[in-house]
Amino acid sequence: MSESIARLRFAPSPTGLLHIGGLRTALYNYLLARQLGGAFVLRIEDTDQKRFVEGAEADIFRSLQWAGISIDEGPQEGGPHGPYRQSERRDVYREHAEMLVAKGAAYYAFDTEEEIELMRARYREAGIESAGYGVRTRGEMRNSLTLPVDEVESLLSQEVPHVVRLKVPAGRTVQLSDLIRGDVSFESDVIDDQVLMKSDGLPTYHLAVVVDDHLMNITHVVRGEDWLSSTPKHLLLYEAFGWTAPKMAHLPLILSPSGGKLSKRNAEKMGIPVTVRQYVEAGYEPDALVNFLALLGWHPADDRELFSMDDLIRAFDINRVGLAGVQFDLDKLNWFNQQHLRSLTDSELASLGRPFVEEKGYEVSDAALESVAALLKERITFARELADVTYLFADPAAFDAKGVKKRWSIEAAERLTWLEAHLSSLSNEQWTASTIHDEAEKALLARDVPLGKVMPVFRLALTGETSGPELFPLIEYLGRDTVVRRLRNAPALIGTSPE
RNA sequence: GCCGCGUUCGUCUAGGGGUUUAGGACGCCGCCCUUUCACGGCGGUAACACGGGUUCAAAUCCCGUACGCGGUACCA
């Protein structure tokens with residue numbers, strides 16, 4: 001047994017599209033696994049038939065892949081500890097539950113839902129808000145602890161619906177050393193006799209997670225804080241089996257900007273995407289999302305903020321994960337997206353933008369699109385914005401009304417004709433940003449007009465806009481023919497433009 | 001209700017007894033750069049939940065209160 005090899009897992013339930021919080025949990029597990037040179041395992045926790053959603057599993061696979069989180073063992077990859085879908089491991093859980101019953105650490109319970117509810121109602125009347133099925137109450141219930149042995153035998157042989165419950169020891173303090181939170185302890189008397197096997201023959205999460213984590217040699221369990229309260233049950237299970245529990249780390253939860261839980265409804269109201277799918281569709285770059293998510297709750301020893309996945313693997317430190325819930329801030333995510341776009345080469349940016357450009361029906365060569373990327377790189381937040389600057393692909397049909405009002409005049413039109421005449425005579429070799437600049441200046445200076453005086457109209461005539469990328473590189477990109485044509489057409493188009 | 005976990009600028013956070021006039025980033029505002037916009041640079045705005053202790057000294061340690069979050073299922 002090679003105990004020294006770290007093994008971490010992400011164990012989502014296929015109950016819907018992968019949640020952004022789930023992706024963060026997966027990421028932290030992945031980072032630690034890679035950093036420790038260990039394995040990253042994906043396990044599908046589909047023990048609740050009622051909540052199963054068709055297609056959810058496929059969404060988990062593609063979302064992780066999109067984010068750049070590679071899986072070593074899982075339903076698709078296989079591996080020595082499979083199957084990696086809990087629904088395919090029923091017998092394993094049944095056997096383990098029976099082991100516990102045989103050891104006296106668990107027992108059969110035959111109570112119906114109504115009977116349990118009756119018990120709770122009794123306690124409620126007596127002023128006890130929520131009496132659990134546990135140390136204090138199991139003696140009053142119908143189970144293999146209270147019923148005569150032969151009756152239990154007969155109920156079992158008649159296949160009367162029943163569950164298997166954990167027999168929580170009385171009067172114990174269960175200690176947990178959390179990697180993030182330090183020591184946390186719980187009194188066993190307030191821990192429920194958790195159902196381990198449901199009457200449908202499937203295990204509950206609690207049994208399955210312990211059995212699988214052990215059988216799959218998981219060394220570190222990194223999961224959301226919402227699991228902290230049930231961890232003592234898991235610890236008691238490890239103890240009952242005689243197994244060593246893995247190291248535990250409970251991550252702070254992601255909160256909505258309004259402070260509450262980042263639920264689907266809540267988040268959608270605030271315009272925040274909740275599922276990974278929505279982030280993909282909104283045009284976020286996987287690297288940016290990963291970077292943002294890593295910093296949502298974790299902070300490096302220095303003040304660095306921009307990390308690639310490899311950087312993260314190197315720098316990540318579970319001890320530096322914060323304790324408090326974190327609010328989601330879309331502005332910051334957008335900033336990360338912008339930063340990541342800027343770190344790309346022109347050619348990489350161009351490929352990211354190409355689908356959007358083609359979607360709008362423009363045909364552009366790779367070289368031209370690279371120029372577009374260079375022109376726009378420092379002024380976009382999303383790759384799709386490459387396609388939004390339509391005058392880079394087609395002559396402007398409309399002209400900014402305020403700009404026209406401010407800049408357009410007979411005099412301005414005349415100056416443009418001087419530019420047109422001069423620029424049209426330039427050779428291909430002369431068609432570079434700096435030469436065009438010098439020649440334009442020359443043409444205007446001959447009539448005693450400074451270039452700066454004309455640049456705003458020049459831009460307006462060429463693009464229809466009053467602002468945008470640097471003018472001369474833009475002109476170089478547009479090319480002589482286009483520039484001359486647009487200059488020539490502008491007066492008529494602007495003249496007929498509505499005010 | 002009970003159990004558990006939290007609480008530093010609006011947000012993500014650094015700091016974990018004296019180095020702090022509490023630092024960085026996002027956002028916001030201003031100035032500079034740029035004959036546009038953006039980028040960039042500079043500057044500004046803005047926080048230790050509250051109350052008790054411990055100590056020469058507390059944002060930092062302890063207790064309490066408040067507030068927030070999670071759990072309290074034959075859901076995960």
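Quick note on labels: first sequence line is chain A, next is B, and so on, each numbered from 1.
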Protein-nucleic acid N or O pairs under 3.5 Å, nucleotides 31-33 of chain B:
none

What integer number of Å spans the P atoms of A49(B) and U60(B)? 8 Å
Considering only A76(B), G24(B), U35(B), which nucleotide approaches the side chain of H206(A) most closely? A76(B)
Can E305(A) and K332(A) be counted as an ion pair, charged N to O under 4.0 angstrom? yes
Length of the CZ-C1' vector between F399(A) and U36(B), whole Å: 17 Å
side-chain hydrogen bond (donor to acceptor under 3.5 Å, both in side chains) partners of residues 441-466 of chain A, not counting sequence neighbours, each pair once: E439(A)-K442(A)
For the side chain of D303(A), starting at C-beta, report the closest nucleotide among G23(B), C74(B), A76(B). G23(B)
Euclidean distance for C1', C12(B) against G71(B) (whole angstrom): 26 Å
Choosing from U72(B), G40(B), G70(B), which nucleotide comes nearest the side chain of Q339(A)? G40(B)
Partner nucleotide, any strand, of C9(B) [Watson-Crick/G-U, under 3.5 Å]: none
Paired with C39(B) by Watson-Crick or G-U wobble geometry, both distances under 3.5 Å: which nucleotide is it? none
Please state whether the rings of H437(A) and F472(A) are parallel, tilted or perpendicular, taking 30° and 60° as the class boundaries. perpendicular
Just by distance, with hydrogens left out, do D438(A) and T435(A) show a side-chain donor and acceptor under 3.5 Å apart? no
Partner of U34(B) under the Watson-Crick or G-U wobble criteria, both distances under 3.5 Å, comes out as none
For C61(B) and G43(B), measure between their P atoms and round to the nearest Å. 32 Å
By the 4.0 Å heavy-atom rule, please label D193(A) as base, sugar-phosphate, or nothing. nothing
Indicate for each nucleotide in nucleotides 59-67 of chain B, in 5' to 3' sequence, whether protein heavy atoms under 4.0 Å reach the base (B), only the sugar-phosphate (S), or nothing (-). ---------
Indicate whether OP1 or OP2 belonging to G40(B) is found under 4.0 Å from a side-chain N or O atom of R342(A). yes
Student check: side-chain heavy atoms of R24(A) and F292(A) closer than 4.5 Å: no
Among the nucleotides C74(B), A76(B), C12(B), which one has an atom lying closest to any side-chain atom of L296(A)? C12(B)
C1' atom, C42(B) versus U34(B): distance in rounded Å? 16 Å
Which nucleotide in the set G24(B), C75(B), U13(B) lies at the smallest distance from any side-chain heavy atom of R51(A)? C75(B)
Starting the side chain at C-beta, find the nucleotide from U11(B), A76(B), A14(B) nearest to Q327(A). U11(B)
Rounded interatomic separation in angstrom, taking CD from E305(A) and C1' from U13(B): 9 Å
Starting at atom CZ of R223(A), determine the distance to atom P of G71(B), rounded to an integer number of angstrom. 13 Å
Does the structure show a Watson-Crick or G-U wobble partner for C69(B), both distances under 3.5 Å? Name it, or say none. G4(B)
Determine whether a donor-acceptor pair (N or O, by modelled atom type, separation under 3.5 Å) exists between the side chain of T25(A) and the backbone of R223(A). no
Tell me which nucleotide among G71(B), G10(B), U72(B) gets nearest to the side chain of D329(A). G10(B)
Please report the distance separating the C1' of A22(B) from the corresponding atom of A14(B), rounded so that it comes out in whole Å. 10 Å
Output a table of nitrogen or oxygen pairs between the protein and nucleotides 44-50 of chain B separated by less than 3.5 Å.
none

Would you mind pulling out the nucleotide paired to C75(B), Watson-Crick or G-U wobble, both distances under 3.5 Å? none
Whole-Å distance separating the CG atom of D192(A) from the P atom of U72(B): 9 Å
If we take the C1' atom in both C26(B) and C9(B), what is their distance in whole Å? 12 Å
Using whole Å, what does the distance between atom P of nucleotide C74(B) and atom OH of Y107(A) come to? 11 Å
Pairwise P distance for G30(B) and U45(B), with rounding to whole Å: 15 Å
Quick check for you: to the nearest 0.5 Å, what is the distance between D213(A) atom CG and R9(A) atom CZ? 4.0 Å
C56(B) -> Watson-Crick or G-U wobble partner, both distances under 3.5 Å, gives G18(B)
Under a 3.5 Å limit for both distances, which nucleotide forms a Watson-Crick or G-U wobble pair with G64(B), could you say? C50(B)
For the P atoms, the ones on A58(B) and on G52(B), what distance do you get once it is rounded to whole angstrom? 13 Å
What are the atom names and distances for every N/O pair under 3.5 Å that joins the protein to nucleotides 1-6 of chain B?
| residue | atom | partner | partner atom | Å |
| --- | --- | --- | --- | --- |
| G1(B) | N2 | S130(A) | OG | 2.3 |
| C5(B) | O2' | R181(A) | NH1 | 2.5 |
| C5(B) | O2' | E225(A) | OE2 | 3.0 |

To the nearest Å, give me how far apart CG (D200(A)) and C1' (C75(B)) are. 12 Å
Nearest to the side chain of S199(A) - C74(B), A14(B), G27(B)? C74(B)
Y391(A)-F399(A) aromatic ring centre distance below 6.0 Å: no
Does OP1 or OP2 of C75(B) have a side-chain N or O of T47(A) closer than 4.0 Å? no
Could you verify whether a donor N or O on one side chain and an acceptor N or O on the other, from S256(A) and Q327(A), lie under 3.5 Å apart? no
Of the nucleotides A38(B), U35(B), C12(B), which has the atom closest to the P450(A) side chain? U35(B)
In whole angstroms, how far is the P atom of C75(B) from the CD atom of E113(A)? 9 Å
Within residues 458-467 of chain A, those residues having any heavy atom closer than 4.0 Å to RNA chain B are R459(A), T466(A), S467(A)
For the side chain of Q338(A), counting heavy atoms from C-beta on, which of C39(B), A76(B), U72(B) is nearest? C39(B)
Nearest 0.5 angstrom please: T231(A) OG1 to E225(A) CD, how far? 10.0 Å
Any K50(A) side-chain nitrogen or oxygen under 4.0 Å from OP1 or OP2 of C75(B): yes
